[in-house]
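Here the structure is laid out as structure tokens; the discussion comes afterwards.
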Amino acid sequence: MTDVRLLTGGEAVAHAMRQIDPDVVPVYPITPQTPIIQTFAKLIADGEASTEIVNVESEHSAMSAAIGAALAGGRTMTATSSQGLALMAEVVYIAASMRAPIVMALGNRALSGPINIHCDHSDSMLIRDSGVVQLFAESAQDAYDLTVMAPRIAEDARVLLPVLVCLDGFTITHSAEPVSLLPDDEVARFVGPYRLRNAVLDTTRPTTQGPFAMPDYYFELRRQQAAALEAALDVLEEVAAEFELLSRRRVGALEAYRLEDATRAIVALGSTAGTVKDVVDELRDEHEAAGLLRLVSFRPFPSAAIAAALEGCASVAVLDRADSPGGTPPLHAELAAALYGSDLELAGHVYGLGGRELHPPDVREIFRGAAAPYVGLRGERCPV
Amino acid sequence: MTDVRLLTGGEAVAHAMRQIDPDVVPVYPITPQTPIIQTFAKLIADGEASTEIVNVESEHSAMSAAIGAALAGGRTMTATSSQGLALMAEVVYIAASMRAPIVMALGNRALSGPINIHCDHSDSMLIRDSGVVQLFAESAQDAYDLTVMAPRIAEDARVLLPVLVCLDGFTITHSAEPVSLLPDDEVARFVGPYRLRNAVLDTTRPTTQGPFAMPDYYFELRRQQAAALEAALDVLEEVAAEFELLSRRRVGALEAYRLEDATRAIVALGSTAGTVKDVVDELRDEHEAAGLLRLVSFRPFPSAAIAAALEGCASVAVLDRADSPGGTPPLHAELAAALYGSDLELAGHVYGLGGRELHPPDVREIFRGAAAPYVGLRGERCPV
Amino acid sequence: MSRLKTIVRNQRGVQPLRGGHSLCQGCGVPMVVRTVLSTIRQPVVVVNATGCLEVATTRFPTTAWNVPWLHVAFENAAAVASGVESAQRVLRRRHALPAGEEVAVVVFAGDGGTYDIGLQALSGALERGHRFLFVCYDNEAYMNTGVQRSGATPFGASTTTSPAGLDSFGKAQRRKDMTAIAVAHHVPYVAQAASTHWHDLSVKVERAVAADGPAFLNVLTDCPVGWGHEPKLAKQVIDAAVETCFWPLYEVVEGRHRLTYTPRQAPVEEWLGSQQRFAHLFRPENAELISQIQGQVEADWNELLARCEEGRM
Amino acid sequence: MSRLKTIVRNQRGVQPLRGGHSLCQGCGVPMVVRTVLSTIRQPVVVVNATGCLEVATTRFPTTAWNVPWLHVAFENAAAVASGVESAQRVLRRRHALPAGEEVAVVVFAGDGGTYDIGLQALSGALERGHRFLFVCYDNEAYMNTGVQRSGATPFGASTTTSPAGLDSFGKAQRRKDMTAIAVAHHVPYVAQAASTHWHDLSVKVERAVAADGPAFLNVLTDCPVGWGHEPKLAKQVIDAAVETCFWPLYEVVEGRHRLTYTPRQAPVEEWLGSQQRFAHLFRPENAELISQIQGQVEADWNELLARCEEGRM
Amino acid sequence: MDGMTEIRWHARAGQGAKTAAQILALALLRTGKGVQAFPEYGPERRGAPLRAYTRVADRPIRRHDSVTDPDVVVVLEPSLVHEAGVAEGLAPDGYVVFNGDEAPPELDEVVVRCVPAQRLASKLGSGFVNMVMLGAVAAELGEPPLADLQDAAVETLGRKVAADDVRRALSEGYAWLN
Amino acid sequence: MDGMTEIRWHARAGQGAKTAAQILALALLRTGKGVQAFPEYGPERRGAPLRAYTRVADRPIRRHDSVTDPDVVVVLEPSLVHEAGVAEGLAPDGYVVFNGDEAPPELDEVVVRCVPAQRLASKLGSGFVNMVMLGAVAAELGEPPLADLQDAAVETLGRKVAADDVRRALSEGYAWLN
Amino acid sequence: MAELSTWESLPIAGAVRPSGAPRTKTGGWRTGEKPAVDVSLCVNCLLCWLYCPDSAVTLSGETFTGFDLEYCKGCGICADVCPVAAIEMVPE
Amino acid sequence: MAELSTWESLPIAGAVRPSGAPRTKTGGWRTGEKPAVDVSLCVNCLLCWLYCPDSAVTLSGETFTGFDLEYCKGCGICADVCPVAAIEMVPE
Ligand SMILES: Cc1ncc(C[n+]2csc(CCOP(=O)(O)OP(=O)(O)O)c2C)c(N)n1
Ligand SMILES: Cc1ncc(C[n+]2csc(CCOP(=O)(O)OP(=O)(O)O)c2C)c(N)n1
Ligand code: SF4
Ligand code: SF4
Ligand code: SF4
Ligand code: SF4
Ligand code: SF4
Ligand code: SF4
Ligand SMILES: [Mg+2]
Ligand SMILES: [Mg+2]
């Protein structure tokens, strides 16, 4: 009775949206998010869902309208990429602080400049301090699953935060893969109705939302938000467990792939993990104790679980698909903090910026410790 | 012959701008940057400098116009804070990638929400991957000095990047302190004329600037930018040395304060460093081997110099004036990466969000290792 | 006076904006808020752009507001309102809201949040046709941050970013004509009003809320601090703006222009002379500027009259 | 034909936009670029907003441009141009540029980068009075990203985000009247033009560049892919827009409106019928929509005529 | 990777290579295979050279890099042999399925199966060159069965095209190389 | 901190406390001291209670936290004793300089120096209440010398005010507590 | 800051309910003058009520009753707009 | 990717000088038809030149000379706008 289709990640997300049938979707087009919103728009135009799509005039307004809609009392979703996320960055922070449980699909794409439409994670990383939940999909199936799970995490009373489902631009958004869809009614039951405690449209119990906070209260209000993110880690696992009952697929905060007895491990996000898994299998066949730690949840960052998962390893290579010029790349820095004081050797690599490919031979080099800090860059010299 | 005045940090920056007399200053008001632009506007209105101020309609346009002006061939400065920086974030990345040597004063202020006008560093941290240089002032004097030095760093052929001079909102922007100004002509001579290789207004040698880059070239163009930031570290020291000859003041990438034989150190940015210095002196008087590492340059992050400076310490407390909910605070994460594999004990503290005060007793607690992760937060429990 | 009694009655004993806020002594904004909100009979939700009104009324944990109130940022009030309005529309369609009167969505934004940084969000919302009322309280500068020039600041006014000085006579550009820009969006209702012409304002609010689509109200509102006049002279100052034709009162219903008040066409000096920000214009060397301003006001006035004529054709 | 020869001569043998770009076969944009740039006699700097023109002409390390060309982002072309223009002004004042003819600053932006996401930057630049020419090549949708609805998309058009479907007839809102919005900014020169009316367009460019301040040109430009017509029918399709009064050609000089071409007022079906994006309107159940469109076009046309009359008073 | 077949499609944007790559994947998915189908994207428009890919394997496909050394290359647009490096990276035991009566000299070094798809499609009168080629590719691969391929194609192309024309084009190509 | 004097000014926004705090710092700077002057900022407007601070020390001042336990509290606006906790944190050996003829009961527990600045300023006819108070504070502190203070004030207040009025107001206050 | 709430006890997102919220008594902002009414002159036009920036004109139903001096900032607008000069600003 | 430049050898910020820049030969985009002119009919109006999206109509000074088939994408617009039907689209 499972409904397996050949869908791009973008289409898969659009189908999850159709099944969730949110109240409001304010959205602005940008490559490679377009397959999501075009597929969804067509489904709506044909009456397969009845969401109110608000075709706003910029991404700043997309997120602003999403906040308005979500706090008014409507379940709200949106989607963007790259420059779109950068343009709405200001309001993403505010959405998190106003605790608006908006679900947003992010087709990861390199930030300008130069302008480029292909995948890297610089857009996600731009808002890593904003207080939103960020979950990375490895495949179109993952993108679907996480989108279905997302409202449950976002709307949990312990969380109440925006949840971003990140899918690699083109590699996931535009690649057709087998995707198993849940029945419509099961999704509807799984996500349940949207219930907000302080809906702005409830004029009988007025609230002042988005007040000014001076030094006497700002810190405390921010701390609340950090606590919500900490709670999101538990909630994510709970929702993942429940989702597993339904789907027999489990997507939690992280996936340890053949890590049990691994001595060398790679840590990676997103679609690259699939490529790494193939190489891990090959190396295992060659009797090399290689393993992969795939992070699904980058925010909240599951530090303790990561440290535990990597405990037996001797060395870890962390793959950043984003740079921080003049500083430490984001994932590398997080790993350094999470593993600080351990004996693990840690090597950081930046790869895949602006859609540069990472092929299995590159992955092998990384496992061998023979890769340059910038993997796949022309003109890069290996460290001595 | 030194001209010592009582100036707020904002006024001090405005006077540096008057002395530099840039060609174009596109700017949009926001607290606590306003003293800078208001003082400067008044100086222009009275004919004390002849800069073209462009009163744009938003910060996104301020940075956009700055890019246009700088690449057209005009020396360009601007200033902003908080939401202003967040709104222009998209274009800050592009300014860096287009290698526009814009100098920007940033009156550090907490990002919304909730909305707040007081100091923390969340705004600076938002753009830490953007590829700009970020220098933090400890005092009004520092703010002046760094502003005078900034064009030299920004415009150096090895760098060609935006340089942000960050001054703590209110604490520096609005506090009056003694500031020693250099003579106008010395500043003019120090900064020299603005010369751009590919000025857009040079219609005899047309260039295409801001092209589209596919996966075949994007990575390489980004790598160039990272190299420019690496080079900025050397250039900063060179310019600092030259500035020292003029002023007898030296502001380099970092300041080691009584670190030589320190066993416990604090690492901090901005105006807080002054408070820490007072406590260090007290502790030294009490025969405690305390020291401070003040970072002036957060981008580029002087990892090697930091590791060297902290080598003799047993434990280091790093003070972040910004949080990364669900993750590691920015400075903490950088330190973890810089010191990874060393024996140093590293403790991270978040403090001062939204203008929360940090008083000497708090600093003592931190030195004692008795402070909570969130210092000065109401309701925070100390770790067990 | 019956309209004012109606306004009082609409409040049902609860001031939507209560005392205890920290707007300046004599600030002109609250009376606009009162007139607008109390004219509206149905329940309201207020969306507020960053600015004096917002900052000074909601210092956590206090609040001066007694109606649902939402603030997100400076430049996006119209977009936030789009979201609220869309949610209401779909929730009513889906029967997920208690039956009852439709909630009126009202935006308050200053001129900065309307003419400049908020223009795009407003324009987009007008194009999409959301049913909401956008009220710009236009005090002609960024007051909250200390009186900086905005697109609404009149030619010649001194502000902290267009200061009069030895080399400068204040703002060098004419003001953006925001009301005309809103009209060009072909929305059902647009009007220009002035705070102290409260009856006119109240009538306009009524029409605006009844309109089947977006409505835009541009309300000239005094700021004693930024304009430089004694607070209690609010009425006199605003009246001068109206009577000199600097700020004509009119409305545009489905594209048809109509004057709602006939001013006595006083010389602009009456308006300029009432405020410190224009004081430098009265220096002898600036005499030419005043006649330039008079000329511009007259030209604009004649153009407006022509539009009103056109409507009558 | 002498104007066309002048255009050719202005080029001095160098095409500002050369072949080798990857715009679609038959794209309507390049001829607008050619007509605009070659009409201008002085040296130019081009600022380009993100969109088809930008993306398809500058894939690194290639470039199709032969004049200084600057691209920063999608929404800020007018602000970037403000910076370039300001720099030129101050550098000339400071004698830091080689003496010689002033460089004309020309922006090219699509309708998305003009009506929607770029509106605010444009509005601010118009208010500040920078001397530059903003050319919107209006192909009525976001083409670069795959034909999504924009503020310029006409009522009833099917796009990928306003698709015609079982429950939908395409875009439900009327198009934003960007030319009128620009006019409301009271800038020296505003005009509406159409790509294939090249002579009219060229004359307008000449006037625009001569204007003492900002100039705005809104040029209807066909997109065979997004509109759904054969590339070679460009002229026929654009002519239909003009002849049906859907897209009147006019200019507004210092506030005075003037028609620059008298169309034959053909029925809108001529325009709608020429493109796939309107095909669904011809289904029987949508007949009402077509007469609604005809009504709107006529109302707008009459309003424009009234404005032109007014100018003559 | 063991048991994986990688196919690269060459065409001009607008000629239906992306769709063909996807239909093949769908039909193979229905036979229980692991599949993936994706095109390459750039700023180029209708008329520009374009590549698309299909991956097939006996188990789920996880790798997410592009195809560098295809087992099969399909040339939908013959003129591309001049500009697009169609044989680049072709696996040693790989082959090219070429739209034309005979192999062009550019492909002298590699194994080529010719399918006069243009001609066959014209003959059928429906212009489905891509479907003719797709049918031929399936025949050469030995999977999926023609009927499955036809079903997948009709489903993917939807209401807007005549199902019979699609089926006929596929079987014409299938027959040619079977 | 050794050798540091911290002064807190209480007034309503618009009464010139920020300026007074700054003038004091400037005059002390001219005598070779380390100084700092800053107000507290909030969303409150003209009329709201406001605090400003002056720090003086024998060496450069580096700390950048607010003043919590001032050595001197200056109350420019007498009505503030009801609402603003003016004696809060006052150092054990600290004192309050109060604008009024006699100390209000709220300040019973602390040392108060009264300066009828309102009355003195009215008498002078110039309304510089803040300058009268500033003069008195300097006298009480024992520094800076009156002339330095007067110069600093005239320089800070600029052309817009009558220099003589400023000087007179300062000396009036100075004389009162000297 | 001991009297202020801890972070765990604050309302989520700082959303404030007007009913329970504290309000700042801004009566202290008055700088020497306060409004006083001669009720015998008052014609109950309610203009003072409409204009008062601080919502400090009190009503009973629709009848003017006086001023709420806890919030009145003493701006004098009510006195200025009263058509019958029933309000005067008087020293505190 | 061996033929592409290394990161150190690229122009700063990717600023390209048109003179040295490679250009894509888009003549291959034509799908079967190319323009052909009957010069004897041509009245040198230059409309084809003005309209050509690919700058593929060549001139000598101000005189029409033909087509640059390296760039011509074969859209047929030149043939459509030629007032004297001097241009025809013909099979390659
Ligand atoms: C993105 C951004 N830029 C700047 C600011 C700072 N800011 C807050 S309010 C304001 C001025 C508001 O002016 P206006 O809209 O006219 O309202 P008023 O203050 O006059 O009430 C400014 C510049 C901000 N909050 N956000
Ligand atoms: C901030 C941002 N949002 C979205 C995009 C994606 N985007 C690039 S071009 C474009 C559409 C351009 O439309 P238009 O201005 O009409 O030009 P056209 O494509 O029609 O030439 C969009 C949506 C972007 N680059 N930046
Ligand atoms: S500054 Fe002006 S607008 Fe703002 S509160 Fe004061 S009087 Fe009102
Ligand atoms: S999509 Fe339209 S506008 Fe864009 S290049 Fe193609 S034809 Fe031109
Ligand atoms: S004086 Fe001002 S604040 Fe007081 S009641 Fe009158 S109008 Fe209101
Ligand atoms: S304004 Fe005067 S007359 Fe009117 S209600 Fe107030 S006090 Fe009475
Ligand atoms: S066919 Fe098209 S591209 Fe070729 S020359 Fe003619 S107009 Fe130009
Ligand atoms: S359009 Fe025709 S007549 Fe005119 S120049 Fe071209 S070929 Fe000659
Ligand atoms: Mg304002
Ligand atoms: Mg367009």
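Below, chains carry the letters A, B, ... as their sequence lines are ordered, and counting in each starts from 1.
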Does any backbone or side-chain atom of B:L344 lie under 4.5 Å from a heavy atom of chain A? Answer side chain, backbone, both or neither.
both

Can you name the closest pair of heavy atoms from B:P215 and A:R356 and give their distance?
O-NH2, 2.7 Å

Which region of B:A228, side chain (C-beta onward) or backbone (N, CA, C, O), has a non-hydrogen atom less than 4.5 Å from a non-hydrogen atom of chain A, or is it both or neither?
neither

Going from CZ on A:R223 to CD on B:E380, what distance comes out if it is rounded to the nearest 0.5 angstrom?
5.0 Å

Side chain / backbone / both / neither for A:I117 at chain B, heavy atoms under 4.5 Å:
both

Knowing that exactly one of B:V350, B:D323, B:V375 qualifies, which makes a side chain to side chain contact (heavy atoms under 4.5 Å, CB included) with A:F219?
B:V350

For B:M125, is it the side chain, the backbone, both or neither that has a heavy atom under 4.5 Å from a heavy atom of chain A?
both

What part of B:L233 gets within 4.5 angstrom of chain A, counting heavy atoms only: side chain, backbone, both, or neither?
neither

In this structure, are over 12 heavy atoms from other groups packed under 6.0 Å from A:E345 atom CD?
no

Chain B contact via A:D120 - side chain, backbone, both or neither, heavy atoms under 4.5 Å:
side chain

Does any backbone or side-chain atom of B:Y351 lie under 4.5 Å from a heavy atom of chain A? Answer side chain, backbone, both or neither.
backbone

Between A:A232 and chain B, which part of the residue has a heavy atom less than 4.5 Å away: side chain, backbone, both or neither?
neither

Under a 3.5 Å distance rule, please check whether B:E334 uses its side chain to pair with a backbone N or O of A:G327 as donor and acceptor.
no

Most contacts with chain A, counted as non-hydrogen pairs under 4.5 angstrom, among B:V133, B:L111, B:L221, B:L87
B:L111

If one checks every heavy atom of B:I127 against chain A at 4.5 Å, the contacting part turns out to be neither

Chain B heavy atoms under 4.5 Å from A:P330: which part of the residue, side chain, backbone, both or neither?
side chain

Heavy-atom pairs under 4.5 Å with chain B - which of A:A95, A:G352, A:P300 has more of them than the others?
A:P300

How many angstroms lie between atom OH of A:Y340 and atom CG of B:L346, to the nearest 0.5 angstrom?
4.5 Å

Do you know which of A:V91, A:V92, A:N116, A:L339 has the most heavy-atom pairs under 4.5 Å to chain B?
A:N116

Quick check: do A:E90 and B:E90 have side-chain heavy atoms less than 4.5 Å from each other?
no

What distance separates B:D216 CG from A:R378 CZ, expressed to the nearest 0.5 Å?
6.5 Å

Quick one: of A:F298, A:Y93, A:Y217, who has the most non-hydrogen atom pairs under 4.5 Å with chain B?
A:Y93

At a heavy-atom separation under 4.5 Å, does A:L85 approach chain B through its side chain, its backbone, both, or neither?
neither

Specify which of B:Q225, B:H332, B:Q83, B:E230 makes the most heavy-atom pairs with chain A at under 4.5 Å.
B:Q83

Of A:R299, A:H60, A:M98, the largest count of non-hydrogen pairs under 4.5 angstrom with chain B goes to A:R299

Output the option from B:A337, B:P329, B:A96 having the highest count of non-hydrogen pairs under 4.5 Å with chain A.
B:A337

May I ask you to name which of B:P211, B:G210, B:S130 has the most heavy-atom pairs under 4.5 Å with chain A?
B:P211

What part of B:I94 gets closer than 4.5 Å to chain A, counting heavy atoms only: side chain, backbone, both or neither?
both

Using modelled atom types and a 3.5 Å cut-off, is there a donor and acceptor pairing between side-chain atoms of B:R222 and backbone atoms of A:P325?
no

Under the side chain to side chain contact (heavy atoms under 4.5 Å, CB included) test against A:R128, which residue among B:D129, B:L126, B:T328 passes?
B:D129

So for A:M214, is it side chain, backbone, both, or neither that comes closer than 4.5 Å to the heavy atoms of chain B?
both

So which of A:A333, A:S342, A:A213 has the biggest tally of heavy-atom pairs under 4.5 Å with chain B?
A:A213

Ranking B:P114, B:S97, B:A338, B:S82 by heavy-atom pairs under 4.5 Å to chain A gives rank one to B:P114

Please look at B:L229 and chain A and tell me whether the side chain, the backbone, both or neither of the residue comes under 4.5 angstrom of a heavy atom of that chain.
side chain

Considering non-hydrogen atoms only, spot the tightest contact between B:Y374 and A:A226 and give its length.
OH-CB, 3.6 Å

Pair count under 4.5 Å, heavy atoms only, with chain A: among B:G131, B:A89, B:S112, highest is B:S112

